[in-house]
Amino acid sequence: MPEGNEIHRWAERHAAAFAGKAVRVDGPQGRFTDSEMLDGRKLVRVMAVGKHLGYDFGKDRILHVHLGLQGDFTEGSGPLPAVKGALRLRMWNAAAAKKPAAPGESKRHGWYSEDDGTGHIAPELVAWVELRGPMDCTVYTQEQWEKLLKRLGPDPLNGDAPDEFVAKVHKSKKPIGALLMDQAIAAGIGNIYRAELLFRARLSPFIAGKDVAEETLRAIWKDALPLMKAGMVDRRIVTTLPKDRPSGKGKVLKEEAHYVYRHHGKPCFVCGTKVMKKDMAGRNLYWCPTCQPE
DNA sequence: GCCTTATGCTCAC
DNA sequence: TGAGCCTAAGGCT
């Protein structure tokens, strides 16, 4: 259940584990039949744009992964765990166990398989990831990947400038709370960052895009980069400043990680007003009516 | 155990 | 605007 920050984090981790090496790719239970197109090939790099991942196995072989609401990775090292639950895809690096292809075995690579029963694999040298529940897991052509990039707006985590974001917001009559969720306007921002960025800017979610001051939009963009980059603590987004957390410094309590996200009915950390909740753009929007006046 | 919910997005109406 | 996707976790019984 990721926003852009976690997608970029996965891209970095997976690149560190697999890029530049031949990678085993498997779709257990027939859930990813295109794995054969990738299995044993060298992973050139891992790309992250907005909430999309692209595993570049060479031209016209880009594995596109979008986690959607439910998708998630698990990672580890050592022997591959047994297939459990609805596993869509797994990748692992068994380069350390390379051997000459035996008769009847694929000649393209010739890695020991985790289940070939030979026991010759070097478990301590195997890194693996499992993917389950993604919204998309398909092999893209270069053209498809570029088409995807075209419809995405600028991504703060890729160092994109805010100009396009500002221009698009200023063209719209829709409320800023809806625009921040639009991936064509800003790629990578999701429901937590929408709520928290607006709170930190003390901006009402209901103000029309065209009416938001340019400097406010630029400030939001500037705030988003470090917040999304450093916003993960134990795979959790943290947006509160230490001075605003009721319990003070030290470990960030679960209930103090956000200002308004899922805080409806509870007092705002800053002013004590009850945090509100309302559906906007099909998702739950949270805000403080006092800190973020219309 | 069952029910609800979730950091997302697409499609049909 | 609403249903559907499809999985896991957490709260409830």
Side-chain angles (χ1 to χ4, degrees), chain A residues 1-11 13 27-32 48-54 64-76 81 83-90 129-138 140 144 147-153 155-157 174-175 177-200 205 223-225 227-240 252-266 275 277-287:
Chain A
M1 301 178 278
E3 299 193 23
N5 60 317
E6 190 161 5
I7 299 304
H8 283 254
R9 174 179 169 274
W10 286 126
R13 296 180 73 87
Q29 306 152 330
R31 281 167 182 269
F32 177 58
V49 189
K51 297 168 189 169
H52 301 259
L53 284 163
H64 174 250
V65 172
H66 193 299
L67 295 179
L69 190 56
Q70 299 116 343
D72 202 5
F73 288 105
T74 39
E75 60 184 359
V83 173
K84 213 169 68 186
L87 185 55
R88 180 73 63 93
L89 163 149
R90 55 185 177 177
V129 296
E130 293 177 334
L131 169 65
R132 60 196 76 221
M135 204 175 67
D136 190 43
C137 173
T138 52
Y140 272 22
Q144 282 176 295
K147 206 170 151 192
L148 164 70
L149 296 187
K150 230 174 166 180
R151 69 175 173 83
L152 292 176
D155 180 347
L157 284 172
K174 287 188 196 165
L179 296 174
L180 274 177
M181 292 285 279
D182 185 342
Q183 299 299 298
I185 289 179
I189 293 174
N191 204 23
I192 295 181
Y193 281 116
R194 144 169 93 168
E196 298 296 301
L197 282 169
L198 286 171
F199 179 87
R200 286 164 60 104
D223 192 30
L225 178 59
L227 198 62
M228 294 178 82
K229 226 172 190 168
M232 291 291 286
V233 180
D234 300 328
R235 292 195 65 189
R236 207 173 71 210
I237 291 172
V238 175
T239 58
T240 48
V252 183
L253 300 177
K254 197 175 164 192
E255 58 273 24
E256 295 181 358
H258 312 126
Y259 285 103
V260 290
Y261 176 73
R262 279 168 70 92
H263 278 226
H264 53 295
K266 287 187 257 182
V275 172
K277 173 176 115 162
K278 192 188 174 195
D279 187 277
M280 182 187 275
R283 311 293 300 283
N284 286 325
L285 166 74
Y286 306 86
W287 81 102

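Because only heavy atoms are used, hydrogens play no part in the values below, and waters and symmetry mates are left out as well, while side chains stay in. Just so you know, these numbers come straight off a predicted model, no measurement behind them.
The nearest whole Å value for the distance from the CD atom in Glu3(A) to the P atom in dG8(B) is 5 Å. Residue Ile237(A) contributes atom CD1, which lies 14 Å from atom P of dA6(B) at whole-angstrom precision. Between Asp72(A) atom CG and dG8(B) atom C1' there is a gap of 14 Å when expressed in whole angstrom units. Between the NE2 atom of His52(A) and the C1' atom of dC9(B) there is a distance of 9 Å, given to the nearest Å. Rounded to whole Å, atom P of dT7(B) lies 15 Å from atom CG of Leu198(A). Computed from coordinates, the Glu6(A) CD to dA6(B) C1' distance equals 13 Å when rounded to whole Å. In this structure, the CG atom of Leu180(A) is 15 Å from the P atom of dT7(B), given to the nearest Å. Atom CG in Leu285(A) sits roughly 14 Å away from atom C1' in dT7(B) (whole-Å rounding).
Remark: the separation of the P atoms in dG2(C) and dT5(B) is 16 Å, to the nearest Å. Rounded to whole Å, the separation between the C1' atoms of dT1(C) and dT7(B) comes to 23 Å. Comparing dA8(C) with dT10(B), their P atoms sit 22 Å apart, to the nearest whole Å.
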- Query: How does protein reach along nucleotides 1-8 of chain C, written 5' to 3' as B (base within reach of a heavy atom under 4.0 Å), S (only sugar-phosphate), or - (no contact)?
  - Reply: -----BBS
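At the heavy-atom level, Tyr286(A) lies under 4.0 Å from the strands shown only through sugar-phosphate atoms.
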- Item | Criterion side-chain contact (heavy atoms from CB on, under 4.5 Å) on Leu198(A) and Trp287(A), from CA distance to verdict | CA-CA 8 Å; Leu198(A) 286 171; Trp287(A) 81 102; over 6 Å; no
- Asn284(A) vs Tyr261(A), side-chain contact (heavy atoms from CB on, under 4.5 Å): CA-CA, chis, key distance, verdict: CA-CA 9 Å; Asn284(A) 286 325; Tyr261(A) 176 73; over 6 Å; no
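Pairing of dC9(B), defined by two Watson-Crick or G-U wobble distances under 3.5 Å, is identified with dG4(C). For dG10(C), the paired base is dC3(B) (Watson-Crick or G-U wobble, both distances below 3.5 Å).
Scored by the side-chain contact (heavy atoms from CB on, under 4.5 Å) test, Pro81(A) finds Trp128(A), Glu130(A) as partners (sequence neighbours excluded).
Tyr259(A) and Thr239(A) get closest at one heavy-atom pair: CE1-O, 3.3 Å.
Salt bridge Arg13(A)/Glu75(A): present, at least one basic N to carboxylate O contact under 4.0 Å.
Lys266(A) NZ: more than 12 foreign heavy atoms inside a 6.0 Å radius.
Lys51(A) has no side-chain polar atom (N or O) that falls below the 4.0 Å cut-off from OP1 or OP2 of dT7(B). An OP1 or OP2 oxygen of dC9(B) is reached within less than 4.0 angstrom by a side-chain nitrogen or oxygen of His66(A). Residue Tyr193(A) has no polar side-chain atom (N or O) positioned under 4.0 Å from OP1 or OP2 of dG8(B). Considering only side-chain N and O atoms, Arg262(A) lies under 4.0 angstrom from the phosphate OP1 or OP2 of dA6(B). At the phosphate of dA6(B), OP1 or OP2 sits under 4.0 Å from a side-chain N or O atom of Asn284(A).
Looking only at distances, a side-chain donor or acceptor of Arg236(A) sits under 3.5 Å from a matching main-chain atom of Val252(A).
Note on ring orientation: taking the six-membered ring where Trp is involved, the planes of His66(A) and His52(A) are perpendicular (angle over 60°, cut-offs 30° and 60°).
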